[in-house]
Amino acid sequence: MSLKKEIWEWTKAIIIAVILAFFLRTYIFATSIVEGTSMDPTLHNGERVIFNKAVYLFDEPERGDIVIIQHPNKNYVKRVIGLPNETVEVQNGVLYINGEEVEQDFLPPEQQEATSDFRPIEVPEHHYFVMGDNRDISKDSRNGLGYIHEDDIIGRSEVIIFPFDQISLTR
């Protein structure tokens with residue numbers, strides 16, 4: 001093979017790889033850095049996660065999903081607790097959805113018990129109620145973020161990729 005043809009083949013391969021990487025990063029997967037301790041013990045400050053941007057094009061967030069929320073000043077990583085048109089409340093550390101107790105097996109008992117009580121609230125249509133797993137200190141739907149519009153949820157966290165010794169699924 002001539003040098004000119006070999007250079008052309010390498011150039012085509014590099015261009016295809018760059019276009020594919022751009023497509024994947026723009027429309028399918030992206031990374032986000034966890035800032036703060038509001039998702040402890042599930043996610044820790046400084047961890048880098050890969051999130052799936054395409055999943056909610058074909059589906060809707062489910063209770064328990066860890067989602068990336070686009071906000072004007074920064075993105076937030078939170079867990080979906082209440083779905084549209086549901087009534088959410090916490091009494092004595094117990095989560096109730098539409099009056100039924102909901103198991104939070106993703107949280108250790110001390111985090112569940114640390115969740116402050118709040119009266120029943122109805123999640124509006126096209127919105128979600130989210131909370132951080134570190135309920136004591138999380139800025140979430142209870143105290144600052146409010147209800148999250150479906151269009152502001154830009155993906156679901158899938159994998160912790162950094163630090164390397166913490167690589168794991170986030171669900």
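These values consider heavy atoms only, across backbone and side chains, with no hydrogens, waters or symmetry-generated copies.
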Legend entry - Joint hydrophobic cluster, F106 plus V77, side-chain heavy atoms closer than 4.5 Å: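 Each belongs to a different hydrophobic cluster.
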For [Y], is there any backbone N or O sitting under 3.5 Å from a side-chain donor or acceptor partner on [X]?
| X | Y | answer |
| --- | --- | --- |
| N134 | T37 | yes |
| R63 | I81 | yes |
| N98 | T87 | yes |
| S157 | F51 | no |
| Q111 | P108 | no |
| D117 | N92 | yes |
| R79 | G64 | yes |
| Q112 | L107 | yes |

Inset, instruction - Answer with yes or no whether the side chains of D65 and Y56 bring together a donor and an acceptor at under 3.5 Å. - result: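 The answer is yes; a qualifying pair exists.
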Legend entry - Any side-chain donor near an acceptor of the partner, K139 and S38, under 3.5 Å: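 Looking only at side-chain atoms, S38 and K139 do not form any donor-acceptor pair under 3.5 Å.
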Output the distance between atom [atom1] ([X]) and atom [atom2] ([Y]), rounded to the nearest 0.5 Å.
| X | Y | atom1 | atom2 | value |
| --- | --- | --- | --- | --- |
| I121 | E86 | CD1 | CD | 11.5 Å |
| T11 | E6 | OG1 | CD | 10.5 Å |
| E62 | Y128 | CD | OH | 9.5 Å |
| K78 | I148 | NZ | CD1 | 9.5 Å |
| E60 | I153 | CD | CD1 | 10.0 Å |
| E47 | I161 | CD | CD1 | 11.0 Å |

Would you say [X] and [Y] make side-chain contact, with heavy atoms under 4.5 Å?
| X | Y | value |
| --- | --- | --- |
| E9 | K12 | yes |
| E89 | R119 | no |
| S138 | M131 | no |
| V123 | L83 | no |

Inset, instruction - State which residues pass salt bridge (Lys or Arg N to Asp or Glu O under 4.0 Å) with R135; sequence neighbours excluded, sorted by chain then number. - result: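 None.
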Legend entry - Crowding at NZ, K4 (>12 non-hydrogen neighbours, <6.0 Å):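 For K4, atom NZ is not crowded (no more than 12 foreign heavy atoms under 6.0 Å).
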Inset, instruction - Please work out which of the three classes, parallel, tilted or perpendicular, describes the rings of Y147 and F129, given edges at 30° and 60°. - result: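 Answer is tilted, since the angle falls between 30° and 60°.
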Inset, instruction - Step by step, work out the side chain to side chain contact (heavy atoms under 4.5 Å, CB included) result for V130 and I69. - result: CA-CA 10 Å; V130 300; I69 301 162; 3.9 Å; yes
